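The structure under discussion appears below in the form of structure tokens.
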Amino acid sequence: MRKTVLPILLLFVALQYSTAQEKMLSKEEVVRLALDNNFGIKVAKNQVEIAKNNKSMLNSGFLPTVTGSAGANYQRDDSTFDFPGQLNADGTPRDETNLYKAEAQRYNAGVTANYTLFDGLGRLYNYKRLKEQYQLSELQARETIENTMLQLFSVYFEVARLTENENVLQQALEISTQRIQRAEYAFEYGQNTKLDILNAQVDVTNDSINLLNTKQQLANVKRDLNVLINEDLNQPFAVDTLIRFIPKLQVEEYIAQTDLNNVALLQTERNLAINKYDIKVNKSGYLPTIGLNGSYGWNLNQNAPGAFFPGVNVNNTRNFGLGATLTWNLFDGGGTNVRVKNAKIAYENQELLKEQITLEVNRDIENAQAIYENRLNIYQIQEQNVVTNQNNFERSKEQFQLGRITSIEFRQAQINLLNAQTNKNLAKYDAKLAELQLLQLTGQLLNVEF
């Protein structure tokens, strides 16, 4: 019987030693890796770069346009002249053909510049709109980062919880294994029956299965975390199981500043500004457009000699041009008027959406605060419950060794302690996640130490 138990102990001792050799992945390190490697965050940062390019002066319409053109043309005309019926000087028929070649070459080049001096202020408001769009994209990227951080720590804390549960189950298995040895010794000396050994073996089997399942869950969750930080799926690591809670007064201060920092509320402000500029951009259609244009051209023509111009005809010309245009769309069928009205309606809708989001954020803040306080209380109760069950287990262990209680009663005390410890681990990380969710709503998630 002892030969069956020993390999199990050696296996788990080896697994525990290999875990001890794993690299410690701290909370600060996992945040840094996610910010650098997470695919969703990378995409969000690229979207910010696109918005940054869009708001540059090169995309504003304030700069002139310059167009260059050039061309070349070569033309050759071959002509044949026959003299039928004509005689030479000696009276013989004249039979010859004259070939006439005419070549012409033409070259041209030009540069044209156009500049819009005034367009009803449309490009000015569009330029400001693009700046607001850039700020909105930054807020959207921040929202993506915040959501990723929540997802990251939900997985990170799950790794921590399963790690602590693994240690608890490891201790439970060792205790159950010791019970087998004690039951075997007692059976050899006639102090108990075979039933105590069988009960201990059943408990070892159950504890072994629970430990193996926890190890498998832990391996899966570690792979989930490696996906979030874009590392090798089977990269081994250990996590920090120490949890620090933010002081209550500091949390209340964050809540009081929610209107200034909540990312959803800030996005509504940017959207309102964008809609306001949309109205002004569309109103620019009521005003005229004034533009300037200039051009420079060069032409070179080389023509073949003709009847009146026996030499090669060369014509080299240069021309300059400067002009101004005024365009005023006095009536466009009412299209501008419709666009302005629709832009105003979109602005009103955005104001309504802001009121709705403000109400929802206030509700979410109150709910998150209540959940956080409740989970903190549960965690404190579970901590005390562990102390109570630990004392009960120690006393039961003493009574069991003295033979005053049965193995079933001792096993019940062990299960109670095991449940208390795992419930405490769950309550601890649930409370911390509730704190992070509250911090996200206050807009402070990225400004605190995890």
Side-chain angles (χ1 to χ4, degrees), residues 43-44 46-57 59-62 116 118-147 150 254-290 327-369 437-446:
V43 171
N46 286 338
Q47 294 297 331
V48 173
E49 286 298 315
I50 292 175
K52 183 178 179 181
N53 294 334
N54 288 337
K55 79 175 184 69
S56 68
M57 185 61 69
N59 192 45
S60 65
F62 280 103
T116 301
F118 178 77
D119 68 342
L121 300 178
R123 61 182 174 180
L124 174 64
Y125 292 128
N126 187 61
Y127 182 51
K128 292 182 178 180
R129 182 187 183 280
L130 291 174
K131 288 185 176 180
E132 292 291 342
Q133 189 67 46
Y134 170 69
Q135 295 181 15
L136 177 61
S137 68
E138 286 187 318
L139 291 173
Q140 290 170 342
R142 173 185 153 187
E143 183 179 24
T144 299
I145 294 173
E146 288 181 354
N147 291 334
L150 274 182
Y254 290 155
I255 294 175
Q257 299 175 354
T258 298
D259 294 341
L260 301 176
N261 299 311
N262 180 271
V263 68
L265 295 177
L266 293 176
Q267 286 185 59
T268 60
E269 293 290 343
R270 298 280 69 78
N271 282 320
L272 272 175
I274 290 173
N275 288 125
K276 190 174 183 180
Y277 285 128
D278 283 339
I279 297 174
K280 294 181 178 180
V281 169
N282 288 312
K283 282 185 175 181
S284 67
Y286 293 129
L287 300 176
T289 299
I290 300 175
T327 304
W328 197 338
N329 195 350
L330 298 177
F331 182 70
D332 63 351
T336 299
N337 192 36
V338 170
R339 287 190 291 270
V340 171
K341 288 182 178 179
N342 290 340
K344 289 181 178 179
I345 295 173
Y347 182 80
E348 293 175 2
N349 286 341
Q350 193 61 44
E351 286 184 319
L352 294 173
L353 183 61
K354 179 184 178 182
E355 294 180 7
Q356 177 185 355
I357 292 178
T358 301
L359 186 62
E360 291 176 350
V361 168
N362 291 334
R363 176 206 61 193
D364 294 341
I365 283 285
E366 293 189 10
N367 290 345
Q369 186 177 11
Q437 290 168 350
L438 180 59
L439 290 175
Q440 183 194 24
L441 291 169
T442 62
Q444 299 292 341
L445 180 61
L446 305 180

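It should be emphasised that the depicted structure is a prediction, and the values quoted were computed from it without experimental measurement.
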- Message: Checking the side chain of Arg123 only, and the main-chain atoms of Gly61 only, is there a donor and an acceptor separated by less than 3.5 Å?
- Response: yes
- Message: Assess the residue pair Lys283 and Ile279 against the criterion (side chain to side chain contact (heavy atoms under 4.5 Å, CB included)); give the C-alpha distance rounded to whole Å, side-chain angles, the decisive distance to 0.1 Å, and a yes or no.
- Response: CA-CA 6 Å; Lys283 282 185 175 181; Ile279 297 174; 3.9 Å; yes
- Could you check if a side-chain atom of Phe62 sits within less than 4.5 angstrom of a side-chain atom of Leu124, using non-hydrogen atoms only? yes
- Given side chains that start at C-beta, do those of Leu136 and Ile274 come closer than 4.5 Å, heavy atoms only? yes
- Item | Taking every non-hydrogen atom, the tightest pair across Tyr277 and Glu132 | CE1-CG, 3.8 Å
- How far apart are the closest heavy atoms of Asn59 and Asn54, and which atoms are they? ND2-O, 2.9 Å
- With a 4.5 Å limit on heavy-atom distance, are the side chains of Gln444 and Gln257 in contact? yes
- Task: Could you grab the distance from atom NZ of Lys52 to atom CD of Gln135, nearest 0.5 Å is fine?
- Result: 13.5 Å
- Message: For a quick test of reading the model, state the closest non-hydrogen atom pair linking Val281 to Gly122 and the distance between them.
- Response: CG2-O, 3.8 Å
- Message: Among Asn262, Asn147, Asp364, which residue satisfies the side-chain hydrogen bond (donor to acceptor under 3.5 Å, both in side chains) criterion with Gln440?
- Response: Asn147
- Task: Answer yes or no: is there a side-chain heavy-atom contact under 4.5 Å between Gln437 and Leu441?
- Result: no
- Item | Qualifying residues under side chain to side chain donor-acceptor pair (under 3.5 Å), relative to Lys128, sequence neighbours excluded | none
- Minimum side-chain heavy-atom gap Gln350-Leu353 below 4.5 Å: yes
- Message: According to salt bridge (Lys or Arg N to Asp or Glu O under 4.0 Å), does anything in residues 273-282 pair up with another residue at least two apart or in another chain? List the pairs.
- Response: Arg129-Asp278
- Message: With rounding to the nearest 0.5 angstrom, report the CG to CG distance, Leu272 to Asn349.
- Response: 11.0 Å
- Message: As an exercise, state the distance from OH of Tyr134 to OG of Ser56, rounded to the nearest 0.5 Å.
- Response: 11.5 Å
- To the nearest 0.5 angstrom, please state how far the NZ atom of Lys131 sits from the CZ atom of Arg270. 13.0 Å
- CG-OH distance between Asp119 and Tyr125, expressed to the nearest 0.5 angstrom: 11.0 Å
- Message: Evaluate Leu265 against Asp259 for side chain to side chain contact (heavy atoms under 4.5 Å, CB included), listing each step before the verdict.
- Response: CA-CA 7 Å; Leu265 295 177; Asp259 294 341; 3.9 Å; yes
- Query: Which heavy atom in Trp328 sits nearest to a heavy atom in Tyr286, and how many Å separate them?
  - Reply: NE1-O, 3.1 Å
- All pairs passing salt bridge (Lys or Arg N to Asp or Glu O under 4.0 Å) where residues 344-362 contributes a residue, at least two apart: Glu269-Lys354
- Message: Side chains of Asn337 and Asp332, heavy atoms from C-beta outward: is any pair under 4.5 Å?
- Response: no
- Donor-acceptor pair between Gln267 and Glu143 side chains, under 3.5 angstrom: yes
- In short, Thr336 meets Asn282 closest at the heavy-atom pair CG2-O, 3.4 Å
- Query: Going through the checks in order, is the side chain to side chain contact (heavy atoms under 4.5 Å, CB included) test met by Thr268 and Thr358?
  - Reply: CA-CA 9 Å; Thr268 60; Thr358 301; 5.8 Å; no
- Hey, are the side chains of Thr442 and Ile365 touching, using non-hydrogen atoms and a 4.5 Å cut-off? yes
- Looking only at non-hydrogen atoms, find the nearest pair between Leu445 and Glu146 and report the distance. CD2-O, 3.5 Å
- Query: Which value, rounded to the nearest 0.5 Å, describes the distance between Leu150 atom CG and Leu439 atom CG?
  - Reply: 9.0 Å
